[in-house]
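Order of listing sets the numbers, starting from 1, for every ligand and every atom in it. Keep in mind that this is a model prediction, so the values were computed, not measured.
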Amino acid sequence: MTPAGELRELATEIAREAGELACARRMEGVRLAATKSTLADIVTEADREVEDLIRGRLRAARPHDGFLGEESGAEPGESGITWVVDPIDGTVNYAYGLPAYNVSIAAVRGEPDPESWEALAAVVNAPALGEIFTAARDEGAWAGGLRLAVTDETPAGALLGTGFGYDPATHDGDLATVRRVMPMARDLRRMGAAALDLAYVAAGRLDGFFERGLRPWDHAAGALLIEEAGGVVSRVDVESPRPMLIAGGRDVHARLRDILASKS
Ligand code: IPD
């Protein structure tokens, strides 16, 4: 097996275990642990427990790698590989009992900065939906035995996904962005779990996706899934506090980027 394939297998095994833990805790009932940037931006006790599990398993298997997690922050390593982890992406769905949440794990090479890192392996496990999406660099993206491919033709307009983040102060601006994008859309979906949105672009279930303000752990794994499924992911306004992530098949990505990179 290639080194990237080995990282994918390890991530898959850990994401499965993490997903089982998240599901089990969900059935026992969700307890809020804290709020973060705004009142709507929540952390559950399960987010922390699941991240602890993932961090512990990775440390045991690969003690020299770095770690960057949504809940417990960054720890540099010495191997040049960093694990970028969202233990429960879609926490609000999770808290409300909606099944669109996932465990997202990526292994990246280089500085743990999305502008420069090279993603090597990725897993998005949606345990309540019974689906696990995996990729390794140059080895394709997969869901079970099915190789993933982004869509390339969208004659009726593109089915697009987006998200709005949790700060009410940014909702007006995000809705104005939706208005600018709608002429190229056949419809819009807002599922509440960015890593799953990106996995769905890779699987051809969405034609494209855009969202401002995503953090590295929201898109690290999903972006590699899309690239390995033949799609394109880019970011604009990277110096702003809320960079815009744009993803899709080559054509949809280019059309989205034309709209979203231009100031209006
Ligand atoms: C959030 C989800 C949501 C997106 C937010 C993210 P979290 O991640 O991916 O869909 O709109 O921007 O922060 O907080 O549930 O891990």
Just distances here: any N/O of V92 and N/O of ligand 1 closer than 3.5 Å? no

Contacts of type ring-ring contact (aromatic ring centres under 6.0 Å, His included), residue Y200, not counting sequence neighbours: none

With nothing but distance in play, are any N or O atoms of D197 less than 3.5 Å from an N or O of ligand 1? no

Students often mix this up, so state it plainly: with edges at 30° and 60°, are the rings of H219 and W117 parallel, tilted or perpendicular? tilted

Tell me whether ligand 1 is touched by I88 - counting only heavy atoms on the residue side and a distance under 4.0 Å. yes

State the atoms of ligand 1, each with its element, that fall below the 4.0 Å cut-off from a heavy-atom position in L214. 12 (O)

So is Y166 close enough to ligand 1, meaning a heavy atom under 4.0 angstrom away? yes

Smallest heavy-atom separation, T170 atom then F164 atom, equals OG1-O, 4.0 Å

Where do G230 and R250 come nearest, in terms of heavy atoms and distance? O-NH2, 4.4 Å

Given that the side chain starts at C-beta and the backbone is N, CA, C, O, which of these parts of D218 lies under 4.0 Å from ligand 1, counting heavy atoms, or is it both or neither? side chain

Report, in ascending order of atom number, the atoms of ligand 1 lying under 4.0 Å from any heavy atom of E211. 4 (C), 5 (C), 11 (O), 12 (O)

Residue-level breakdown please: for A193 versus ligand 1, do any non-hydrogen atoms fall below 4.0 Å on the side chain, on the backbone, on both, or on neither? backbone

Within the 4.0 Å heavy-atom shell around E70, which atoms of ligand 1 are there? 14 (O), 16 (O)

Does this structure show an ion pair linking R62 with E6, if we count only N-O contacts that are shorter than 4.0 Å? no

Examine the proximity of ligand 1 to R190 and report which part, side chain or backbone, both or neither, has a heavy atom under 4.0 Å away. side chain

Indicate yes or no: does D251 engage R255 in a salt bridge with an N to O separation below 4.0 Å. yes

Atoms in ligand 1 flagged as close to G192, the criterion being non-hydrogen separation under 4.0 Å: 2 (C), 3 (C), 10 (O)

Within 6.0 angstrom of R235 CZ, more than 12 heavy atoms from elsewhere: yes

Check: G90 N/O within less than 3.5 Å of ligand 1 N/O: yes

In terms of atom number and element, which parts of ligand 1 are under 4.0 angstrom from non-hydrogen atoms of D86? 16 (O)

So, R48 and E51, do they make that salt bridge, N to O below 4.0 Å? no

Could you tell me, atom by atom, which parts of ligand 1 come under 4.0 Å of a heavy atom of A194? 2 (C), 9 (O), 10 (O)

Classify the side-chain pair D47/T91 by whether it contains a donor and acceptor separated by less than 3.5 Å. yes

Nearest heavy-atom neighbours spanning A107 and L7: CB-CD1, 4.0 Å

Any G213 heavy atom less than 4.0 Å from ligand 1: no

Please determine whether any non-hydrogen atom of R215 lies less than 4.0 Å from an atom of ligand 1. no

